[in-house]
Enquirer: 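Take this structure first; my questions come after.
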Amino acid sequence: MPKERILHGIPASKGVGIGKAFIYEIKKTEVFQTPILSVYLKDEVVRFENAILKTKEELQRIKDQINREIGEDFGQFLDAQIMMLEDETILDAVKKRIFDEKKNAEYIYHEVISEYARKLSESKNAYFKERVIDIYDVAERVIKNLLGLSHTSVLEAPPGSVIIAHDIPPSEATLINRKNVVGIAMELGGRTSHTAITARALEIPAILGIGEFVSKVQNGDDVIVDGERGIVIIHPGSSRVNFYEEQKKKTIQVTKALLPVCELPPETRDGKHIDISANIEFFAEAEQAIRYGAIGIGLFRTEFLYLARRGSPSEEEQFRVYNALARKIKPHPVIIRTFDLGGDKIFSDYHEANPFLGWRAIRVCLQEPEFFKTQMRAILRASVNKNIRIMFPMIATYEEIRRVKLIFNEVKQELKSKKIEFDDSIQLGIMVETPSAALMSSSLAQEVDFFSIGSNDLTQYTLAVDRGNEKISQLFDHFHPAVLRLIKETIDSGHKGNIWVGICGELASDPIAIPLLVGLGIDELSMSPSSIPRAKLILRTLTIPQCKEIAEEALRLRTALEVRRFLNRVLRKQFPGIEDAIK
Ligand code: PEP
Ligand code: MG
């Protein structure tokens, strides 16, 4: 019996997952040259053909899943890769060279593909040039299949898998199948990294920022992910498994007990209504948002459309998703955030020293106006449903919102001239997620209809702490008094400017933050769908005067720890019976 091992990390998504290790690796596979005896050359060709077949099946499965979960057409980009697997010139060249050179299939295939890719990259045709990435993607998959190595896509995880990974890029995270994956354990990442956000969206327990451990785990090892305590147990003993089976049952009971709350209005005990809406990444999550009682979508992170497709979605493709979402959520509002690419949601080969301080979000869109306008047109066209709002991420300066509005008005004019209908009074808002936006919020409030505070980035930029870096995760705390002061400033300026102010960062769903945010005057809390019942339950126990007092006291404190301790104490003392809800 192998020895039980306990690993500690950052609890990024709650719950308990009990399953078998599924190792996901993004490392490039090394290919070595091996001579093959003449008698085995035929077998080598068969081995190659089987790997091609297996790869084709994998890609077809991935394509179907993307079409199903992200939106029809979004998996189409994989057609180019499937076609490459069917390319007779490549297949024949590989088979011929295996016989001529008497060398192993992976080596020959790698050689043939490299030559092919080199020729394409020299091409003047931009389309052919772009296909080079696809070629290497496909080749990596074929080579892994030839070598019987671990998986190139999380999509291949069988039922009951715990994904074990060094890192999962956002484009890959979009492919995680919630039916098969029961847990995630990762060497990198923090609570607000995008893998964490996706895990919470999919309700999969996750521990991130564990540090080096993947090399010590084998595919199929028994693993438990404890999303409450922040631990991962490899080779758990039977008493440990029994304990966690019990825990799982309890969690299911608590979730069930909270379900009736979904139906109740989101208001304080003294009758103040606060919108509680949902953050979603995928269209498929709209269903969950409704089920958990969200008043609309407070944040639709559209970059996942781009990442899943690995390229710009067309206006038509985007329109279909936005329109379907608006229709599904009607009459409640849907806030569509324009692409927040860059940062850790890397989308191009452009390497920069500080991606979070670099070519990200609105900066990309303002430099690529045609790309930006395509998305605006799609959003505006879907706004005929009368419940869409548009929101711009990472605004840091006043000029940025002015430029955004100029472009937005151009697009409106263009649609008008073509007699294409849209909602001319569509609400326009910005995310307040940079310290400069928070400090300039009184000016910015003159330009928009609402603010939505992005506490994840606001914390990262205020405290100068990379939100995804596990080495400094103890420094990342959204209760830091500096962050709280910026939030207060934003809410006050918004209200002075007669606009509403919401929050869609992770702070919104932190149970102990709810009285504080309500006390500061927040109008809307937007969070992952599964957090909604608990937030509603807490909200419904509070009164406005109590919350105001709590906020005033919290703002007098000097450290994040003092604030946390205070809020924990207050919630437990002032609202007995709330213990179960805030576990
Ligand atoms: C935020 O920064 O708080 C936010 C909600 O946006 P994202 O997590 O997508 O950067
Ligand atoms: Mg953000």
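Values below: every heavy atom of this structure, side chains too, minus hydrogens, waters and symmetry copies. When a ligand or atom number is given, it counts from 1 through the structure's own listing order.
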Enquirer: Given His332 and Asp275, is the side chain to side chain donor-acceptor pair (under 3.5 Å) satisfied, shown in steps?
Expert: CA-CA 10 Å; His332 299 307; Asp275 276 343; over 6 Å; no

Enquirer: Sort out the contact shell of ligand 1: every protein residue with a heavy-atom distance below 4.0 Å, listed by chain and number.
Expert: His194, Ile197, Leu299, Arg301, Arg337, Asp340, Lys345, Arg360, Met431, Glu433, Gly454, Ser455, Asn456, Asp457, Arg467, Cys504, Gly505

Enquirer: Can a donor-acceptor pair be found, under 3.5 Å and without considering hydrogens, that links the side chain of Ser442 to the backbone of Ser493?
Expert: no

Enquirer: Apply side chain to side chain donor-acceptor pair (under 3.5 Å) to the pair Ser277 and Glu524, showing each step before the final yes or no.
Expert: CA-CA 7 Å; Ser277 44; Glu524 179 229 28; 2.6 Å; yes

Enquirer: Tell me whether Lys405 at atom NZ has more than 12 heavy atoms from other residues, nucleotides or ligands lying less than 6.0 Å away.
Expert: yes

Enquirer: If you count every heavy atom of other residues, nucleotides or ligands that lies below 6.0 Å from Arg565 atom CZ, does the total exceed 12?
Expert: no

Enquirer: For a distance under 2.8 Å, give residue and atom name for each protein N, O or S atom next to the Mg ion (ligand 2).
Expert: Glu433 OE1, Asp457 OD2

Enquirer: As a quick check of understanding, evaluate side chain to side chain donor-acceptor pair (under 3.5 Å) for Tyr292 and Gln288, giving each step before the final call.
Expert: CA-CA 6 Å; Tyr292 284 119; Gln288 247 176 299; 5.1 Å; no

Enquirer: Are the side chains of Ile426 and Phe408 in contact, using a 4.5 Å heavy-atom criterion?
Expert: yes

Enquirer: Please check if atom NZ in Lys412 has more than 12 non-hydrogen atoms from other residues, nucleotides or ligands closer than 6.0 Å.
Expert: yes

Enquirer: For a quick test of reading the model, state the closest non-hydrogen atom pair linking Ala286 to Ile329 and the distance between them.
Expert: CB-CD1, 4.2 Å

